Amino acid sequence: MTRIAISTGGGDAPGLNAVIRAATLSALARGWEVLGIARGYEGLLDTSRIRRLDRRAVRGIAHLGGTILGTTNKGHPFEYPVAGAGGKTRLVDRSGEVMASYRELGIDALIAIGGDGSMRIAQRFIELGMKVVGVPKTIDNDLEGTVVTFGFDTAVTVATEAIDRLHSTAEAHRRVFCVEVMGRYAGWIALHAGIAGGADVILIPEIPFDLASVCAKIRAREDAGRHFSIVVVAEGATPRGGELVTRAEREAGREVRLGGIGERVASAIAEATGKETRTVVLGHLQRGGTPTPRDRILALRFGAAAVRTIADGTFGVMVALDPPAVRTVPITDAIKRMKSVPLDGDTVMTARDMGLCLGD
Ligand code: F6P
């Protein structure tokens with residue numbers, strides 16, 4: 001009998017449970033056995049929490065946010081942080097233990113649901129002999145090889161609704177609102193939510209911004225009798241010649257935490273224009289809760305496609321949306337580089353044509 005395992009790694013994204021459901025049902029329908037690995041690759045270091053997924057385990061979960069398997073963005077198995085002497089953390093390679101568990105459990109293939117970090121780890125395990133099919137997940141939409149990742153539509157929906165709501169209070173008080181959104185080093189969420197929500201300024205990492213041009217836009221609106229403005233700031237946006245704003249020191253074995261640029265932009269606007277300015281940081285609201293129907297359908301399609309891929313005997317690939325089809329791409333292609341917002345793409349052109357300020 002074929003025995004597959006499913007893991008969810010990295011930051012959660014709405015739609016993870018839909019992938020788990022579709023993959024499990026598709027596998028069970030073929031008479032396969034399905035194991036749910038707890039908390040990404042960590043679950044293969046502590047196999048006591050691995051459980052069988054049956055129909056009951058995946059009943060009624062497609063609309064739920066989070067992941068029934070749990071996830072983590074700590075504990076890279078090749079660079080696993082271990083507390084050492086004097087409070088210092090050392091990084092230890094525990095990939096051998098993961099491979100041993102994979103073999104002992106008799107897993108024929110792993111469906112690894114994750115973003116770029118998880119796909120990079122998957123590729124290293126593929127090189128050690130693991131049979132992996134990847135499923136692209138991230139609210140950031142920054143993964144190459146797929147037109148879109150699931151989770152992105154929900155994040156854009158949440159951010160758009162927030163921008164919609166801020167319009168009335170901004171107008172009532174004649175204020176400037178800086179709305180900081182997630183997205184790491186890519187501006188997909190900011191650009192899409194900013195355009196959909198009718199923002200006046202959108203600052204994305206792909207276009208280092210000039211504060212003078214942001215303030216000029218706000219002043220032009222004042223002159224035109226529009227006494228409020230909405231500025232959407234991607235967490236990875238930087239001023240021309242400036243640095244990324246981060247929340248804390250980088251922890252060993254973890255990505256640096258971004259955040260704080262919204263407040264910096266707001267203070268600078270207040271100082272330069274004299275306008276009363278407020279900041280809203282949407283943070284993890286963009287990741288929590290129910291996936292939109294669009295994300296749910298994409299996630300369900302990805303889950304079923306991952307099982308078909310295993311059934312075909314194809315490994316080392318990631319399922320990907322190539323409209324109208326779901327196809328596969330080598331994981332090596334997906335991790336070659338980050339998918340940034342193309343500056344010559346029609347979404348950026350739409351923003352410019354409509355007179356939005358992109359900070360340049
Ligand atoms: O990659 C998804 C994401 O939400 C990013 O947009 C954000 O920078 C990061 O994860 C936040 O990570 P954490 O949940 O560890 O704070």
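The figures that follow rest on heavy atoms only: side chains count, while hydrogens, waters and symmetry mates do not. Note that the structure is a prediction, hence the values are computed from the model and not measured. Counting starts at 1 for both ligands and their atoms, in listed order.
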Q: Might you list the protein residues in contact with ligand 1, defined as having a heavy atom under 4.0 Å from one of its atoms, sorted by chain and number?
A: Asn73, Ile139, Asp140, Met182, Gly183, Arg184, Glu235, Arg254, His284, Arg287
Q: Tell me whether the guanidinium CZ or amine NZ of Arg124 lies under 6.0 angstrom from the six-membered ring centre of Phe78 and within 45° of its axis.
A: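 Yes, a cation-pi geometry.
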Q: Would Arg94 count as a cation-pi partner of Tyr80, with NZ or CZ less than 6.0 Å from the six-membered ring centre and within 45° of the ring normal?
A: yes
Q: Please determine whether residues Ile230 and Val156 belong to a single hydrophobic cluster, defined as Ile, Leu, Val, Met, Phe, Trp and Tyr linked transitively by side-chain heavy-atom distances below 4.5 Å.
A: yes
Q: Test of understanding: with side-chain contact (heavy atoms from CB on, under 4.5 Å), list the residues that count as partners of Ile335, not counting sequence neighbours.
A: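 If we apply the side-chain contact (heavy atoms from CB on, under 4.5 Å) test to Ile335, skipping adjacent residues, the hits are Met119, Arg120, Gln123, Ile331.
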Q: Output the rest of the hydrophobic cluster of Leu211: all Ile, Leu, Val, Met, Phe, Trp and Tyr residues reachable through side-chain heavy-atom contacts under 4.5 Å, sorted by chain and number.
A: Val176, Val201, Leu203, Phe209, Val214, Ile218, Val231, Val233, Val245, Ile261, Val265, Ile269
Q: Can you pull the ring pair (Phe, Tyr, Trp, His ring centres under 6.0 Å) pairs that have at least one residue in residues 134-160, sequence neighbours excluded?
A: Phe152-His192
